[in-house]
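Everything on this sheet refers to the single structure shown next.
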Amino acid sequence: AVCAGILLLIGFAARIAVFPLHTWMAKTCAAVSSPTGMILSGLMPVCSLYGMMSLTKALFPLDPYWGLALMVFGSLTALLGSFLAVFSVRFPRTLALAALIQSGIGFMLIGFGCLIPDSETAHMLVILQMLMQLVSQAVLFWVYDHLRQRTDGDTLNELKGLGRKSALCHLAFAIPFLAAAALLVF
């Protein structure tokens, strides 16, 4: 049972796109339509993070080595996603890398839950972070689709300045910001 659980955890890590299994997400999300990109970078990592959290609670409760390993891989994923996003010029790729960063943070939070006795608090943070990722990815892909229809471009230079002219884009970018701010309340 433990061997099957570990294989499932590796499968979840690949689906979340955790370092070193991260290379597929940015390429795939940049090549598909916006609704598919929303599902690939928003919904699927969230479901996989939930599966990873559930299995970790069952197989490795309060295991400091497992928690530290998750935190290290989550940190590497978030840092790598941040570094690659700085140099990204295509908007869908940038959104996919933002999802990679969020997944790395979720991975770190799951690892943190293995290190503290009050793991329920850490698991609640994971769930809140997953909801934030889901909402922000859906809204940002929707904004991208809205801007792309107006310009027929997908690079950041082609879309530059369009968001300033659209009240709808202001509202849409405020939603993920407010979702992130909601985490501070909890």
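These numbers come from a predicted model, not from an experiment.
- In this structure, Cys114 and Gly67 approach most closely via the heavy-atom pair CB-CA, 3.6 Å.
- In this structure, CD in Gln102 is found 12.0 Å from CG in Leu97, a value given to the nearest 0.5 Å.
- Going from atom OH of Tyr65 over to atom CG of Leu115 covers 11.5 Å, rounded to the nearest 0.5 Å.
- Put simply, CD1 on Ile110 and CD1 on Ile105 are 12.5 Å apart, with the number rounded to the nearest 0.5 Å.
- Residues Phe83 and Leu79 are members of separate hydrophobic clusters, defined by side-chain heavy-atom contacts under 4.5 angstrom among Ile, Leu, Val, Met, Phe, Trp and Tyr.
- Within the model, atoms CG of Leu68 and CZ of Phe73 stand 10.5 Å from one another, a figure rounded to the nearest 0.5 Å.
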### Task
List the steps, then state whether side chain to side chain contact (heavy atoms under 4.5 Å, CB included) holds for Met53 with Leu109.
CA-CA 9 Å; Met53 181 180 68; Leu109 288 172; over 6 Å; no
### Task
List the steps and the verdict of side chain to side chain contact (heavy atoms under 4.5 Å, CB included) for Phe107 and Ser103.
CA-CA 6 Å; Phe107 219 68; Ser103 295; over 6 Å; no
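- In this structure, Ser75 and Met108 approach most closely via the heavy-atom pair OG-SD, 3.0 Å.
- Ile10 and Leu55 fall within the same hydrophobic cluster, defined by Ile, Leu, Val, Met, Phe, Trp and Tyr side-chain heavy atoms under 4.5 Å apart, directly or through other members.
- By the rule that hydrophobic residues join a cluster once side-chain heavy atoms approach within less than 4.5 Å of another member, Val86 and Leu100 end up as members of one cluster.
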